[in-house]
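Report on one structure; see the data block that follows.
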Amino acid sequence: MKEPKDNSKKRRRGRTDETDLQKTPGQLIGLDIGYGFTKIVREDGECIRFPSAVAAIAPTAIESYGGPTADDEVVVERVRCIVGDRAIGKSDRFPNLHNVWWTGTAYKAIIAHATQWIPPQSTVVTGLPLHTFFAPEARAIVHDIVKSGMKAKTVLVSPQGVGAYYSDPTIQHPTNKVAIVDVGTWTTELIGMAGNDFLAHVSAGLVLGVSDIFATVAQELKEKLGRTVDPYEVERAARGEGDIRAQGRAYPQTAIDERITQLAKERASQILAKMTDLWGLHGADFETILFCGGGAQLLFPYLKTYREGVVLLKDAQFANARGFLQIADNLYGTEVHNLPVTPTTNQAPSINQGSDDSRPIAV
């Protein structure tokens, strides 16, 4: 498996490439469909990231006449949708911050959009938030939607956060206990691992991400500017990738940064309290504690006070996707490359929550 390279700024493959994509043999794929961003890491090293924003396009009288369509448009259940950057700020943007968003049109539209980079007959490892993962029906639904939507050969559904553990071989050890704090847009996963064993008794899924921070600032700016502000606009401004503008002028970035910092400290304090409840005052049982996820960089300056020696994973937003790709390679790599494969117990995490239904699904 090649070392992944980050091409996240080159986010779209043109429609002219679709024929070539159909001819491309299936690949090993790490797919992290987050509430905020979708990340794809392919075995050939290509990395793709786009906002998990989806907006419906209202029907028109002549849309069925045919003609060119934009690369970011898909049709799902007879509904035309825009996926990614152009959906930000649209009045018909689908809400995605709820427990079952992976059953709806927006989730299916993201999968349809992602097929621009994922050839048919690929082997895909993807994830679900921990508080949802242990419901067998949830895993089955996601498995089936991904498998059919991508025409995948094999799909495996893993807990979010576990992928990050496999993203860097240097942090894995046969017996040492490692904790992962995966801070996402809507959820934060607290994961305990010992070698390849998932430690359910020291793991928890929290609906406690960074979305509230950006949503709060967006609402406050709406009242000041007299226009709707999408939380994605605030998140983008916080990364220094664009201004928030009204009446032809940019709102002062320092004021946005100060408010985000205040809210980030509050959210970090809430997560620290949950970590202490679950792991004790300093997580003494763990050899190391790793932080990852799209919200980790924002909160890490305040979360790192938990104890000495905590680590913010490099390219933290892609950590789960990279780890999912590594799991795919561990389990199916030789199989995909036309060699016999016999998965062993040291190739993927053992998930034990009291029944066989707790294991990841692979078909």
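Quick caveat, the model's predicted, so the values are computed rather than measured.
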Are any of the side-chain heavy atoms of [X] and [Y] separated by less than 4.5 Å?
{"X": "Phe50", "Y": "Ile40", "value": "yes"}
{"X": "Glu266", "Y": "Gln262", "value": "yes"}
{"X": "Asn320", "Y": "Lys39", "value": "no"}
{"X": "Val155", "Y": "Val142", "value": "no"}
{"X": "Ile48", "Y": "Arg42", "value": "yes"}
{"X": "Phe134", "Y": "Leu130", "value": "yes"}

Taking side chain to side chain contact (heavy atoms under 4.5 Å, CB included) as the definition, give me every residue that meets it alongside [X], ordered by chain and number, with sequence neighbours left out.
{"X": "His98", "answer": "Val100, Trp101"}
{"X": "Val76", "answer": "Val74, Thr105, Lys108, Ala109, Ala112"}
{"X": "Gln297", "answer": "none"}
{"X": "Ala264", "answer": "Ile213, Leu298, Leu299, Tyr302"}

Quick test of your reading: applying salt bridge (Lys or Arg N to Asp or Glu O under 4.0 Å), list the pairs with at least one residue in [range], sequence neighbours left out, ordered by first then second residue.
{"range": "residues 272-284", "answer": "none"}
{"range": "residues 200-226", "answer": "Asp212-Arg267, Glu220-Arg259"}
{"range": "residues 159-177", "answer": "none"}

Can you pull out every side chain to side chain donor-acceptor pair (under 3.5 Å) where at least one residue sits in residues 227-236? Sequence neighbours excluded, please.
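Listed once each, the pairs are Arg93-Asp230, Arg227-Glu233, Glu235-Arg239.
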
Residues in side chain to side chain donor-acceptor pair (under 3.5 Å) with Ser122, at least two apart?
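So Ser122 forms no side chain to side chain donor-acceptor pair (under 3.5 Å) with any residue.
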
Is there a side-chain hydrogen bond (donor to acceptor under 3.5 Å, both in side chains) between Tyr165 and Asn196 once you walk through the steps?
CA-CA 9 Å; Tyr165 176 73; Asn196 287 283; 5.8 Å; no

Partner residues of Asp243 under the salt bridge (Lys or Arg N to Asp or Glu O under 4.0 Å) criterion, sequence neighbours left out:
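By the salt bridge (Lys or Arg N to Asp or Glu O under 4.0 Å) rule, Asp243 matches Arg245.
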
Partners of Asp182 by salt bridge (Lys or Arg N to Asp or Glu O under 4.0 Å), sequence neighbours excluded?
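Scan of Asp182 (salt bridge (Lys or Arg N to Asp or Glu O under 4.0 Å), adjacent residues dropped) gives none.
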
Any donor-acceptor N/O pair, Ser52 side chain to Gly34 backbone, under 3.5 Å:
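Between the backbone of Gly34 and the side chain of Ser52 there is a qualifying donor-acceptor contact (under 3.5 Å).
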
Quick one: does any side-chain atom of Thr123 pair with a main-chain N or O of Thr154 as donor and acceptor, under 3.5 Å?
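Judged by distance alone, no pair lies under 3.5 Å.
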
Quiz: residues 278-295 side-chain donor-acceptor pairs under 3.5 angstrom, not counting sequence neighbours:
from   : atom 1 : to     : atom 2 : distance (Å)
Trp279 : NE1    : Val202 : O      : 2.9
His282 : ND1    : Tyr306 : O      : 3.0

Within a reach of under 6.0 Å around CD of Glu77, are more than 12 heavy atoms found that belong to other residues, nucleotides or ligands?
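Yes, because the 6.0 Å sphere around CD of Glu77 holds more than 12 heavy atoms from other groups.
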
